[in-house]
Amino acid sequence: MQIIRDRGELDAALEALRADGGAVAMVPTMGALHAGHMALVEEARRRAAHVVVSIFVNPTQFGANEDLSRYPRREGSDAQMLGAADVAILWAPDVDTMYPNGPEASVKAGSAAQGLDGDSRPGHFDGVATVVARLFEQVKPDVAVFGEKDYQQLLVIRQMVAARKLKVEIVGLPTQRDADGLALSSRNIYLTDEERLAARALPRALGEAAQAMIDGGDVAEILARAEERLAAAGFDPIDYAALRDAETFAPMDRLDRPARLLAAAKLGSTRLIDNLPVIPSI
Ligand code: PAF
């Protein structure tokens, strides 16, 4: 695996890679890789002859009071994992290479950025759309794989790709979870042992709420109960528990079409997010 930090070197390496005519799949990441990321890499491997992974902790998607400075960085062990997974290129630019004119979000995220994390983290999705657009411009992948754990982000990226008419297929992969249900996340390492136990309440509250909706319960009441359950487990504040259309991301107050149930809340100093698909029974 080549570890590349320079644009010129990236262009040359990609040209050499594409010489055999095989497709290129990309997995954009911010590093601190775990089994969830490696599942994205495996999926990329299945879909293309060559896999490019990027590691870039993107400053434009972090708010002023967020965890940019303490975000876990461990490129050495990340590179070992990627090398063992047969990744061809690790693209690891620094901030000046990614943002030669200074780190500013220049791409406006579309309608999927409205509400939920778009409200809790103002400007976050503009930063995501900006960096992913740049990564796609640099690598020009045929396909790119993202986790459904960041479901709103996945829809924002799909909209950005459609708006810019980019020729890249966006693949969403179901969330990878620990044995007790907690969604894998680079931020889970912030949790104390006690918080890690309490964190199980998040997937459980979502699972119960999803089932109650499928059973025909009132959506608003179920969402309120899920928030109460999170509060009882020690989450504070609870940013949202919400039901959204799985494709358009429009808010829903009845389960009458395929939906996504999403929640975000803080446990101690760690903000956790999770979501589940909810399909109405026929
Ligand atoms: O999901 C992430 O790790 C990041 O938001 C992404 C897509 C790599 C953009 O920085």
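Note that the coordinates shown come from a computational prediction; the quantities given were computed from them, not determined experimentally. In listed order, ligands and their atoms are each counted from 1. In what follows, every heavy atom counts, from backbone to side chain, and hydrogens, waters and symmetry copies are set aside.
- Residue-ligand proximity, V131 to ligand 1, at heavy-atom distances under 4.0 Å covers atoms 9 (C), 10 (O).
- Between the side chains of N58 and Y99, a donor-acceptor pair is found at a separation under 3.5 Å.
- Between the side chains of Y190 and D67, at least one donor N or O lies within less than 3.5 Å of an accepting N or O.
- Looking only at protein heavy atoms, the nearest one to atom 10 (O) of ligand 1 is Q61 OE1, 2.6 Å.
- With no hydrogens or angles considered, no side-chain donor-acceptor pair links S120 and D117 at under 3.5 Å.
- For atom 1 (O) of ligand 1, the closest heavy atom belonging to the protein is Q153 NE2, 2.8 Å.
- Taking every non-hydrogen atom of T29 and a distance limit under 4.0 Å, the qualifying atoms of ligand 1 come out as 8 (C).
- Looking at M213 and L223, their side chains come closer than 4.5 Å, going by heavy atoms from C-beta outward.
- Taking every non-hydrogen atom of M30 and a distance limit under 4.0 Å, the qualifying atoms of ligand 1 come out as 3 (O), 4 (C), 10 (O).
- Look at E247 and R257 and you find no salt bridge, because none of the NZ, NE, NH1 or NH2 atoms lies under 4.0 Å from a carboxylate O.
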